Amino acid sequence: MTDLLSDLEARGLIASSTDLGALAESMAEPITLYCGFDPTASSLHVGNLVPLLLLRRFQLAGHKVIALVGGATGLIGDPSGRSTERNLNTDDTVADWVNRVRGQLQHFLDFDGDNPATLVSNLEWTGPMSAIEFLRDVGKHFSVNAMLGKESIAARLNGDGISYTEFSYMLLQSMDYLHLYRDHGCTLQVGGSDQWGNITGGLDLIRKVEGPESRAHGLTVPLVTKADGTKFGKTAGGAIWLDAEQTSPFAFYQFWLNTDDRDIANMLRFFSLRPVSEVEEVIAAGEANPASRAGQRALAAELTDLVHGVENREHIEAASAALFGRGDLAALPETIWRQATEDVPTTTAVSAGATVIDALVATGLCDSKSAARRAIKEGGAYVNNQRVSEQEANLDSSLALHGRWVLLRRGKRSIAVADLGV
RNA sequence: GGCGGGUUGCCCGAGUGGCCAAAGGGAACGGACUGUAAAUCCGUCGGCAUACGCCUACGCUGGUUCGAACCCAGCACCCGCCA
């Protein structure tokens, strides 16, 4: 089972850790570990994927994993990795988000079978606690002097400041670890590298409360960085969510497919659950023939399979080939067309004879008529893969494929369908 | 509680009465080149009408003025120092 650690190392997935030797030793037997996910939005996003997949790797290796949803910490706000104070969300909002995030976590881990994962919310043990109890039993073990030295706090002291609320965050997370250590025999906490300060806080607390004989470990995965220096997981349209309602499976697939060549090797190592040797083969194939983008295709396929299912992925691949290809759209059989465009944004708001400008706006490809006019002027608007040259062009019914659909494209990457109706 | 500084378009940031839809940078978008990549070059970058023009916009609410992002008053929020 210690193979897992060397596998992680080979993938570059270990940012920092407590004594790896001791951890490896304890992993000779199945251990219990946890990772926390705060509900800071209604869905998890691709940035949560690395720690999430880390839990999965541990589960696949036979360890007992606990996924923790931050029902309590989500009400407070983690200062780690943020330069400004968070806005507080209402109880109701967070409660709703907890439920949604909980539902998503269930997709990634196995909750049945002989090694089921466990799902908890830290509100279970934090909620009933009184302020006095918290200050006496937990607060007393934390030295403010030491806390001020933590990266997450220090950065804010030099910057925009920090509220007492967020300052206390680390105590809550430390308490979580202690609780899980006691009640679940949890001896490892994993998380993103920005969680290192919070994790060590928990380790300190466990040692102080449980004595020097206690054994608890910490492990963090690196932050995913991109060659161009921009933040991973964000696009012009915002974050890439795991929720199909917020980021369509099509957009999700396209996000990975558009990965920069310079990043693809690392991305594959980080995100793929396939054995390292296979991953390296894919990387090599991609590097031998960059135009094939073998790495991007493999990554997009694997993650779309995982998050949205194989069936969706197959449709999306068909769509990508047909809609972005130079192929003859009219030759596409209706059934394939239907499958291919299932995840493509579609509007029914326009009918035959509508202007291309209106159609571009209705599909969301352009934000306004002005923008649509510009797109046409710049030669960036296409109907059925044909560039539109006339400002006044309209969607003649003769353009309709299979009698009703018209493919609209803005630039190279954005496509949508106008359903002219029957 | 006192004093000082701040609030400009997606972000940063100029602008202190008309020449301001508002410099500059970044992001983003389109085109060329490619591979739905990167880099580079060119262009666009509030909305409607794409002609004139009109509307909306510089924290909020009022005021001064022929005219205000720019002056005045009040309010809100942020930052810093002091208590």
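Keep in mind that the numbers below use all heavy atoms, side chains included, and drop hydrogens, waters and symmetry copies. So that the names make sense, note that chain A is the first sequence line, chain B the second, and so on, each numbered from 1. As the structure is a prediction and not an experimental result, all values here were calculated from the model.
- Under 3.5 Å, the side chains of A:Gln104 and A:Ser43 contain a donor-acceptor pair of N or O atoms.
- With a 3.5 Å ceiling on both atom-pair distances, B:U56 lacks any Watson-Crick or G-U wobble partner.
- The distance from atom SG of A:Cys35 to atom CD1 of A:Ile66, rounded to the nearest 0.5 Å, is 11.5 Å.
- A straight line from CZ of A:Arg410 to C1' of B:A28 spans 10 Å, rounded to a whole angstrom.
- Between B:A14 and B:A21, the two C1' atoms lie 15 Å apart (nearest whole Å).
- Summarising the base pairing, B:C41 is matched to B:G31 through a Watson-Crick or G-U wobble pair whose two defining distances lie under 3.5 Å.
- Here A:Arg274 contributes atom CZ and A:Leu299 contributes atom CG; the two are 10.0 Å apart, rounded to the nearest 0.5 Å.
- Base pairing annotation: B:C71 forms a Watson-Crick or G-U wobble pair with B:G63, both donor-acceptor distances under 3.5 Å.
- In this structure, the CZ atom of A:Arg413 is 5 Å from the P atom of B:A38, given to the nearest Å.
- With distances taken from any side-chain atom of A:Asn258 to the nucleotides B:A37, B:G31, B:U44, the minimum falls on B:A37.
- Across the protein-nucleic acid pair, A:Asp228 atom CG and B:A27 atom C1' stand 11 Å apart, rounded to whole Å.
- A:His45 and A:Trp241 have perpendicular rings, their planes meeting at more than 60° on a 0 to 90° scale where under 30° would count as parallel.
- For the C1' atom pair drawn from B:A83 and B:G4, the interatomic distance equals 15 Å after rounding to whole Å.
- In this model, the phosphate group of B:U50 is not approached by any side-chain N or O of A:Ser370 to a distance below 4.0 Å at OP1 or OP2.
- B:A23 is unpaired under the Watson-Crick or G-U wobble criterion, no partner having all donor-acceptor distances under 3.5 Å.
- B:C70 and B:C10 have their C1' atoms separated by 24 Å, given to the nearest Å.
- For A:Ser368, the side-chain atoms get nearest to B:C48 when compared with the rest of B:G35, B:C48, B:A38.
- Remark: the separation of the P atoms in B:A23 and B:C72 is 25 Å, to the nearest Å.
- Counting any heavy atom pair closer than 4.0 Å across all strands shown, A:Arg297 reaches no nucleic acid atom.
- Only the P atoms considered, B:G53 is 23 Å distant from B:C58, to the nearest whole Å.
- Counting only heavy atoms from C-beta on, A:Arg374 has its side chain closest to B:G47 among B:G47, B:G35, B:C48.
- Between A:Trp256 and A:Phe271, the ring planes lie perpendicular to each other; the angle is over 60°, past the 30° to 60° tilted range.
- Partner assigned to B:G1 is B:C82, using Watson-Crick or G-U wobble distances below 3.5 angstrom.
- Not one side-chain nitrogen or oxygen of A:Lys377 sits closer than 4.0 Å to the OP1 or OP2 atom of B:U50.
- Checking B:U50, B:A37, B:A49 against every side-chain atom of A:Asp261, the shortest atom distance belongs to B:A37.
- When the P atom is used for both B:A57 and B:C52, the distance is 23 Å, rounded to whole Å.
- Annotation: cation-pi geometry not satisfied between A:Arg56 and A:Phe108 (NZ/CZ under 6.0 angstrom from ring centroid, within 45° of ring axis).
- Nearer to the 5' terminus of RNA chain B, by closest-nucleotide assignment, is the contact made by A:Arg293 (compared with the other of A:Lys369 and A:Arg293).
- For the pair A:Arg373 CZ and B:C29 P, the interatomic distance rounds to 22 Å; values are reported in whole Å.
- Judged by distance alone with a 3.5 Å cut-off, no donor-acceptor contact links the side chain of A:Gln296 to the base of B:U36.
- Separating the C1' atom of B:G9 from that of B:U56 is a span of 12 Å, rounded to the nearest Å.
- For B:A76, the paired nucleotide is B:U7, the pair qualifying as Watson-Crick or G-U wobble because both relevant distances are below 3.5 Å.
- Distance A:Glu378 CD to B:A32 P: 11 Å, rounded to the nearest Å.
- Which of B:A49, B:C48, B:U36 sits closest to the side chain of A:Gln254 comes down to B:U36.
- Residue A:Asp367 contributes atom CG, which lies 15 Å from atom C1' of B:G9 at whole-angstrom precision.
- On the P atoms, B:A22 is 15 Å away from B:C54, given to the nearest whole Å.
- Checked options A:Val65, A:Leu180, A:Leu55; the residue passing with A:Tyr34 is A:Leu180 (criterion: side-chain contact (heavy atoms from CB on, under 4.5 Å)).
- Rounded to a whole Å, the CG atom of A:Asp263 is 10 Å from the P atom of B:A38.
- Of the listed nucleotides (B:C48, B:G31, B:A38), B:A38 has the atom at the smallest distance from the side chain of A:Arg262.
- At a threshold of 4.0 angstrom between heavy atoms, the contacts of A:Tyr382 are confined to the sugar-phosphate backbone, with no base atom among them.
- When rounded to the nearest whole Å, the span between CG of A:Leu299 and P of B:U36 equals 18 Å.
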